[in-house]
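To start, the structure itself, in C-alpha cells.
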Amino acid sequence: MADSAVVTHDVVSLLSSPQRDFLLRNNGDQVKVDSLKGKKLGLYFSASWCGPCRKFTPTLVEVYNEVAANGDFEVVFVTADEDDESFNNYFSKMPWLAIPFSDSDTRNDLDELFHVKGIPHLALLDETGKVVTEDGVDVIREYGVEGYPFTSARIQELKDQEEEYRKNQSLRTLLVSPSRDFVMSSDGKKIPVSELEGKTVGLYFCVNSYGSCIDFTERLKEVYEKLKAKGENFEVVFIFLEDDEESFKEGLQSAPWLSLPFKDKICGKLARYFELSTLPTLVIIGPDGKTLHSNVAEAIDEHGIDAYPFTPEKFAELEEIMKAKEASQTIETILVHGDQDFVIGKDGVKIPVSELKGKVVLLYFSAHWCPPCRAFLPKLVDSYHKIMAKNNAFEVVFISSDRDQASFDEFFAGMPWLALPFGDSRKKFLSRKFKVSGIPMLVAIGSSGQTLTKEARELVALYGADAYPFTEERIKELEAEQEECAKGWPKKVTSETHEHELELTRRRVYYCDGCNEEGRVWSYYCGECDFDLHPKCALENKDDAKEEEKSKDGWVCDGEVCSKKA
C-alpha cells in the first residue's frame with residue numbers, strides 16, 4: 001500500500017463547491033456532504049467507457065454492500081465520462097454517492113489531488129479524512145471485504161495471517177472458510193474437506209471459455225479417470241475463475257471431480273496465494289497438505305498418467321526419460337504415428353516421411369485466420385526459395401490450426417512446401433511436444449532429426465535465408481558478423497527527432513520512428529520512450545569520415561543489414 005498517511009483532508013471542503021453542498025444518489029436524491037463526517041471514504045475514479053472499470057465496479061459493489069451495513073463507510077463516484085447520459089447510465093449500477101456530472105471543476109481538482117493517472121483508481125480515507133492509500137483498487141481486488149477497515153494495520157494483519165498459513169499449510173487452511181467446510185460433487189452433494197485429507201489433491205484453476213483450459217480439461221479427465229480406475233488416492237478440486245454461473249454449472253456437471261462453490265470468496269484468495277500467472281494451472285497438494293508442485297498442467301499434457309504422483313523424484317525420472325527420447329529423436333519419431341507415415345504436397349499427393357530423412361525440416365505452425373501468420377508467410381516463402389536454390393536438403397511442413405478444410409486449402413495454396421493433412425491427429429501431439437502457445441511458430445529439426453531450435457521464426461525474421469541451417473554455430477556466426485559491423489558506430493547519439501539520448505541497442509525486429517520502416521538487429525533506442533531509429537536514420541547527418549569508418553574492414557552497412565563487400 002502506498003503510504004499517504006501524512007495527508008489529511010477536510011471532507012466537506014474536499015467534496016463541496018461554492019455552489020453545491022450535496023452529493024447525488026442514482027435516483028436523484030441529494031445527500032449533504034457534511035453527513036459524511038466521521039465516516040471512512042472511498043473516492044472512486046471511474047468511467048463507463050473504461051473496460052477495466054466496468055470489470056472492477058461489480059467487485060467494489062459487492063464489497064460496499066457488505067461493508068456499508070456497518071454505517072461507517074461510503075464511496076463517492078468521481079466520473080471521467082464525457083457526457084451526462086453515459087454518467088447516468090453507469091451511475092445507475094452503483095449503490096453509493098457521486099459528485100454531480102455538472103461539477104467538472106471539483107472532479108478535475110480531485111483528479112489532480114489524488115494523482116489519478118489511470119482508472120479505475122480508488123483512494124481510501126479514514127474517518128478523520130486521512131489518506132490511508134491511493135492503491136485502493138489493489139486492496140479491494142486482493143482482500144475484498146476482509147480488508148475492512150482498509151487500514152495499513154489491517155492489511156499487514158492479513159499478510160501476517162497469510163504467512164502463518166503458509167508455514168502451517170493444510171487442506172483446511174486452503175479450502176475451509178468460516179461459513180463453509182465442504183466442497184461440492186458434480187451432483188451437488190457437499191463433501192467435507194476432511195474426506196480429502198491424506199490424499200494427493202490437485203487444485204484446478206480454470207476458465208471454461210479459455211481455449212487452453214478446454215483442451216487441458218479433456219486431458220485431465222482422461223488422467224483422473226485412469227488414476228481412479230487404478231485405485232490411486234487422488235482428487236481434483238475445480239476452482240472456477242469466471243462470473244458466468246451457467247458456464248460453471250455446465251463445467252461441473254460434465255466433470256468427474258469436486259469443486260468449490262460458484263463465486264466462493266476463497267477462489268480469488270487461492271489465486272493470489274499461489275500467485276496464479278497462467279491458465280490452466282493445476283497445483284498439487286501432497287498427502288501432508290503441503291504444496292508439492294505449483295503447476296503440473298504441462299507435465300500432465302506431456303506425460304499423462306506417468307506424471308503421477310507429481311513428486312520431485314517422479315519429475316527427475318521423467319526428465320531422464322525425456323533426455324533419452326531427445327537423444328534418439330528422428331524425423332520419423334516426430335512425424336510417423338502408426339499408419340500416418342506421410343505428409344502431403346499439392347493436390348494431396350502423399351509424400352513418405354522417410355523422404356525427409358537427412359534434411360533440415362522446419363515445422364511451420366500457422367493458420368489462415370491469424371494476421372501475424374499471413375504477414376510472416378511472404379518472408380518465409382522468400383527464404384524458402386533462396387535456401388532451396390543453394391541446398392535442397394531442406395523442407396518446410398505446414399501444420400495447420402485452421403478451422404475448416406476450405407481455409408486450409410486456401411492458405412496452403414500459397415505455400416511451396418509440404419503439409420500435414422487438415423485435421424491430422426499428429427498436430428495435437430506436435431503442439432504439445434513443442435509447447436506451441438502461439439502462432440506463427442517455426443521449429444527447426446536438424447538433418448539428424450534433433451531439435452535445433454523452437455525460435456526459427458525469429459531467426460527467419462532477422463536473417464532470412466542466411467539463418468540456414470539454423471544451428472547454434474550458424475547463429476553465433478551471424479551474431480559475430482553483427483558485432484563486427486557495428487564496431488565503428490557511436491554507442492550513443494542525439495537526434496533532432498527525439499528529446500533523449502539514443503543508445504545503440506540490439507532490438508531484433510522493430511519499426512523505425514524516423515522513417516516508419518521495419519528495422520532489424522541494431523537500433524538507436526530510447527528505453528524510456530520505446531523510441532527506435534535505424535542506424536541509417538540516426539547517423540545520416542554525420543560527416544563522411546565517420547560514415548567511412550563505419551564501413552571499414554570490407555563491410556558495407558545500409559542501416560538495417562551489414563554485409564561484406566563483394
Side-chain angles (χ1 to χ4, degrees), residues 169-177 180-242 244 247-264 266-271 273-311 314-315 318 432:
Q169 179 181 297
S170 67
L171 280 176
R172 291 194 63 81
T173 64
L174 292 172
L175 299 179
V176 172
S177 71
R180 178 188 50 74
D181 62 356
F182 60 87
V183 290
M184 297 170 55
S185 65
S186 57
D187 58 3
K189 291 181 181 177
K190 296 178 179 179
I191 310 298
V193 171
S194 59
E195 291 191 14
L196 303 181
E197 293 175 341
K199 294 184 177 182
T200 298
V201 176
L203 304 180
Y204 180 31
F205 295 87
C206 175
V207 171
N208 283 343
S209 59
Y210 190 46
S212 296
C213 286
I214 294 170
D215 292 340
F216 179 71
T217 295
E218 294 307 311
R219 179 71 165 157
L220 182 57
K221 283 180 184 178
E222 174 189 329
V223 169
Y224 178 88
E225 287 165 353
K226 286 181 179 178
L227 288 173
K228 284 294 189 182
K230 290 180 65 177
E232 298 290 356
N233 222 7
F234 177 63
E235 192 52 76
V236 170
V237 177
F238 184 49
I239 300 170
F240 189 67
L241 299 177
E242 287 182 292
D244 185 345
S247 179
F248 168 77
K249 289 178 179 177
E250 289 174 12
L252 183 58
Q253 286 172 359
S254 62
W257 44 67
L258 307 174
S259 174
L260 288 181
F262 177 66
K263 291 190 74 172
D264 192 281
I266 282 183
C267 292
K269 186 175 180 180
L270 288 172
Y273 182 85
F274 290 108
E275 299 176 356
L276 192 69
S277 61
T278 187
L279 291 174
T281 287
L282 184 68
V283 177
I284 298 298
I285 308 301
D288 61 354
K290 309 303 181 187
T291 303
L292 263 181
H293 201 288
S294 60
N295 189 9
V296 299
E298 190 174 292
I300 284 182
D301 219 10
E302 193 163 337
H303 303 288
I305 193 173
D306 292 334
Y308 186 81
F310 315 113
T311 59
K314 171 56 73 172
F315 282 108
L318 291 174
R432 184 184 305 138

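Nothing fancy with the numbering, it's 1 onward along the sequence. The shown structure was predicted, so the numbers you read here are calculated from the model rather than taken from an experiment.
- Counting all heavy atoms, side chain and backbone alike, L252 lies closest to S259 at CD1-CB, 3.5 Å.
- Under the 3.5 Å distance criterion, the side-chain polar atoms of K249 are left unmatched by any main-chain donor or acceptor of F262.
- A donor-acceptor pair under 3.5 Å is formed between the side chain of R180 and the backbone N or O of L175.
- Residues L260 and V183 have side chains in contact (heavy-atom distance under 4.5 Å, counting atoms from C-beta outward).
- Between the CE atom of M184 and the CZ atom of F182 there is a distance of 7.5 Å, given to the nearest 0.5 Å.
- With sequence neighbours excluded, the residues forming a side chain to side chain contact (heavy atoms under 4.5 Å, CB included) with D244 are E246, S247, listed by chain and number.
- The ring pair (Phe, Tyr, Trp, His ring centres under 6.0 Å) search around F205 returns none, not counting sequence neighbours.
- If you take SG on C206 and CG on L241, they are separated by 8.0 Å, rounding to the nearest 0.5 Å.
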For residues 187-199, which side-chain donor-acceptor pairs fall under 3.5 Å, sequence neighbours excluded?
residue : atom : partner : partner atom : Å
D187    : OD1  : S185    : OG           : 2.3
D187    : OD1  : K189    : N            : 3.4

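- No more than 12 heavy atoms of other residues, nucleotides or ligands lie within 6.0 Å of CD in E298, so this atom counts as exposed by the packing criterion.
- Side-chain atoms of F274 and N295, non-hydrogen and from C-beta on, never get closer than 4.5 Å to each other.
- With rounding to the nearest 0.5 angstrom, the NZ atom of K226 is 6.5 Å from the CD1 atom of I305.
- Taking every heavy atom of both residues into account, V207 and L279 meet most closely at CG2-CD1, 3.5 Å.
- When every heavy atom of Q169 is checked against every heavy atom of G289, the shortest pair comes out as NE2-O, 2.9 Å.
- Here the closest heavy-atom approach between residue A299 and residue F315 is recorded as CB-CE2, 3.4 Å.
- By the salt bridge (charged side-chain N to carboxylate O under 4.0 Å, His left out) test, E302 is found to be paired with K435, residues two or more places apart in sequence or in another chain being considered.
- F234 and Y308 have perpendicular rings, their planes meeting at more than 60° on a 0 to 90° scale where under 30° would count as parallel.
- Scanning both residues, I266 and L174, for their nearest heavy atoms gives CG2-O, 3.4 Å.
- Residue L203 holds its CG atom at 11.0 Å from CD of E235, rounded to the nearest 0.5 Å.
- Distance check, rounded to the nearest 0.5 Å: CG of L220 to CD of E225 gives 9.5 Å.
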Pairs under 3.5 angstrom only: tabulate donor-acceptor contacts from the side chains of residues 212-219 to other protein residues two or more places apart or in another chain.
residue : atom : partner : partner atom : Å
T217    : OG1  : Y204    : OH           : 2.7
T217    : OG1  : C213    : O            : 2.8
R219    : NE   : I300    : O            : 3.2
R219    : NE   : D301    : O            : 3.4
R219    : NH1  : E222    : OE2          : 3.4
R219    : NH2  : I300    : O            : 3.4
R219    : NH2  : D301    : O            : 3.3

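- With sequence neighbours excluded, no residue forms a side chain to side chain donor-acceptor pair (under 3.5 Å) with T173.
- Pairing each heavy atom of P309 with each of K314, the nearest pair is CD-CE, 4.1 Å.
- Atom CD1 in I285 sits 7.5 Å away from atom CG in L292 (nearest 0.5 Å).
- Not a single donor-acceptor pair under 3.5 Å links the side chain of K221 to the backbone N or O of A255.
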